[in-house]
Each structure stands twice: as structure tokens, then as C-alpha cells.
Amino acid sequence: MPNFRNYLQDLRVWFSFQNGGSSRPPKLRERNLLAALLSISSVAMMSIALAEPRWFHYYGGSCNAPSDTLSLLMFYGAGTWEVEGKSASADEHYTYTTHQNQKLVDCVTPQIVLLIRLVSTFSFLAVIMSLVAFFLETFGTKHRLSKMLLHNAILNIMTVIMCMLSDGFCYWASDLMHEMISDHLKYPGSVAEVRFDVGYYLVAAAGAAAVFAAACNLMRPLPATPRDPDEPVNPTGRGRLVSDANDVFSDEIDVGDGFVRLTAPPPYTPYTAP
């Protein structure tokens with residue numbers, strides 16, 4: 001029974017959001033569990049987005065992608081290209097064979113594939129940064145560099161930037177997809193349209209969670225640092241600035257071999273007009 005009580009007490013201390021006094025270990029005073037919860041939420045959403053099969057949904061084009069959707073999963077590995085027709089014209093047809101031996105006809109161009117791979121790269125970097133922030137916020141740290149990253153929410157801010165870059169390149173890729181599909185309509189007179197799907201919005205939500213995590217770290221009061229026991233205590237109880245001021249305004253000035261005592265200024269006499 002005592003072991004169970006100790007276990008409950010450890011849990012209470014672990015999940016406490018208070019800074020605590022100086023008696024707590026320094027690592028525990030650096031924790032921020034609310035920010036950690038938001039960071040792990042960002043990690044989860046970004047991980048789901050990387051495995052999400054729906055990123056781009058298109059209408060009206062002749063692309064043969066399954067369910068009229070494209071995902072990042074199709075372009076993780078190296079593929080092969082087949083180009084037919086005149087270059088830089090509507091008669092040019094691109095056939096991309098994915099690493100899963102799936103052929104995409106009139107769906108993407110080499111530039112679109114490059115942009116999609118950049119989206120995957122930025123998303124993966126966002127997962128790593130948010131995961132490191134989660135560990136720092138959960139377990140705390142004693143290292144000066146780690147404290148700087150934690151107190152200034154640098155990792156959370158970098159996660160937000162990575163999410164913004166991912167969605168920005170998604171928008172660029174969708175614009176190029178729209179041009180591609182418009183040049184290769186499924187039926188004459190049909191309207192081509194490209195829309196974002198689940199993966200895009202998951203990245204946006206992960207970026208929003210990282211914004212709130214950064215706010216939690218930036219607005220959180222810094223834990224009090226205990227006084228070094230080896231540091232001498234001022235017996236007068238006055239601060240260093242006060243003692244320095246007393247030294248500056250001392251009534252003695254060192255002029256070399258001896259001291260010259262300053263004379264007091266004459267008493268104030270009001271001016272009277274003649």
C-alpha cells in the first residue's frame with residue numbers, strides 16, 4: 001500500500017502544471033506539459049498526413065489516378081517517365097510510373113513531382129522538430145542550449161514555418177496540376193478543377209497546434225533559479241547597484257599618494273535683483 005501511495009504521489013508531481021519551488025529538481029521545473037500536449041498533437045497530425053492517401057482531388061481531367069486523388073505516397077520512391085508528343089504543347093503527354101508500378105497518365109509533370117517531394121521533406125522536418133520539442137517540454141532539461149530552445153519556442157516556431165512551406169508548395173503544385181488537367185480534359189467542354197483534400201488540412205491543423213504550443217512556451221513564467229550556496233551574501237542587505245553608487249559618490253577622491261577631501265558646496269542663497 002505505501003508503494004501505491006508513492007506511485008500516486010509521483011503521478012501527481014509528474015502531471016502538475018505548476019512550476020513548484022526551488023526544492024524540485026531543475027529538470028522538472030523546466031517542463032511545460034500543456035505545450036507538450038499540443039506538440040504531440042502536431043506530431044500525430046503530421047504523421048497521419050504523411051500517410052494520408054488523399055491530398056489532391058481533381059475533376060474534369062483525363063488523369064487515371066485512383067478515385068481521382070493524388071497523394072504523397074505515390075512519389076516517395078523513384079519512378080520512371082515516358083513523354084509523348086510535342087514539347088511544351090497541349091499534345092505533350094506525361095506518363096509517370098511510380099515505385100509501386102502504378103502508371104499515372106496526364107496527371108503530373110516533373111516539376112509537380114519535385115514540388116510534392118518538397119512537401120514531403122518539409123512535413124518530415126516538421127515531425128522531427130515537433131517531436132524534439134515534445135520531449136523537451138515533457139521531461140525538461142538542464143542544458144543551456146536546450147533551455148534556450150524551450151523558453152524561446154524555437155522548435156515550435158520552426159514547426160510552424162515547415163507547415164507553412166508544406167502548404168505553400170501544395171498550392172504551387174495544385175496550380176500546375178490545374179494547368180496540366182486543363183490541357184488534357186476528359187470530355188470536350190468540361191471544367192477542370194483541383195481541390196485540396198484531407199492531407200493538406202491536416203498539415204494546416206498541425207501548424208495551428210504548433211502556434212498554440214509556441215504561445216504556451218513564450219507566455220509561461222520562467223522557473224525561479226535557486227541561489228548558489230557558494231555565492232557570498234551581502235550583509236548590509238543592499239544590492240550591488242546601491243553599493244556602487246556609494247563608491248561613486250564617496251566624499252574622498254584618490255589623487256595618487258593621498259586623498260583629498262572634497263569641500264562641501266556653499267549654502268544656497270536666493271538671488272536678489274540689484
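Given the structure is predicted, the values throughout are model-derived calculations rather than measurements.
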Checklist outcome for this item: To the nearest 0.5 Å, atom CE of M162 lies from atom CD1 of I157 at 12.0 Å
Checklist entry - Can you say whether the rings of Y59 and H57 are parallel (under 30°), tilted (30 to 60°) or perpendicular (over 60°)? => result tilted
Next on the checklist: With rounding to the nearest 0.5 angstrom, report the OG to CG distance, S174 to L70.
Outcome noted: 11.5 Å
Item to check | Over 12 foreign heavy atoms within 6.0 Å of CZ, F124 | outcome: no
Checklist entry - Is there a side-chain contact between C170 and F56, using heavy atoms and a 4.5 Å cut-off? => result yes
Next on the checklist: Count I, L, V, M, F, W, Y as connected when their side-chain heavy atoms are under 4.5 Å apart, and connections chain through other members. Are L114 and L104 then in the same cluster?
Outcome noted: no
Checklist entry - Between M46 and A126, which heavy-atom pair has the shortest distance, and what is it? => result CE-CB, 3.9 Å
Next on the checklist: Side-chain heavy atoms nearer than 4.5 Å, only ILVMFWY residues, links allowed to pass through others: does that put I116 and I48 together?
Outcome noted: no
Item to check | Minimal non-hydrogen separation, A51 against L73, with atom names | outcome: O-CD1, 3.5 Å
Item to check | Results of side-chain hydrogen bond (donor to acceptor under 3.5 Å, both in side chains) for S39 - residues two or more places apart only | outcome: E137, N156
Checklist entry - Is W55 reaching over with its side chain to a backbone N or O of A49, donor-acceptor style, under 3.5 angstrom? => result yes
Checklist entry - How would you list all residue pairs meeting side chain to side chain donor-acceptor pair (under 3.5 Å) that involve residues 192-214, not counting sequence neighbours? => result E193-R195
Checklist entry - At what distance, to the nearest 0.5 angstrom, does SG of C216 lie from CG of L37? => result 9.0 Å
Checklist entry - Just wondering, do N32 and L150 contact through their side chains at under 4.5 Å, heavy atoms? => result no
Next on the checklist: When you group the ILVMFWY residues by side-chain heavy-atom contacts below 4.5 Å and let the links chain together, are M45 and V211 in the same group?
Outcome noted: no
Checklist entry - Do F212 and M129 share a hydrophobic cluster, counting only Ile, Leu, Val, Met, Phe, Trp and Tyr and linking them when any side-chain heavy atoms are less than 4.5 Å apart? => result no
Checklist entry - Is a donor on one side and an acceptor on the other found under 3.5 Å between the side chain of T159 and the backbone of L155? => result yes
Next on the checklist: Nearest 0.5 angstrom please: S120 OG to R117 CZ, how far?
Outcome noted: 9.0 Å
Checklist entry - What distance separates D106 CG from M177 CE, expressed to the nearest 0.5 Å? => result 13.5 Å
Next on the checklist: Under a 3.5 Å distance rule, please check whether H151 uses its side chain to pair with a backbone N or O of N217 as donor and acceptor.
Outcome noted: no
Checklist entry - Sub-3.5 Å donor-acceptor pair from the side chain of S42 to the main-chain atoms of L38, do we have one? => result no
Next on the checklist: So which atom in F122 and which in S166 form the shortest heavy-atom distance, rounded to 0.1 Å?
Outcome noted: CB-OG, 3.2 Å
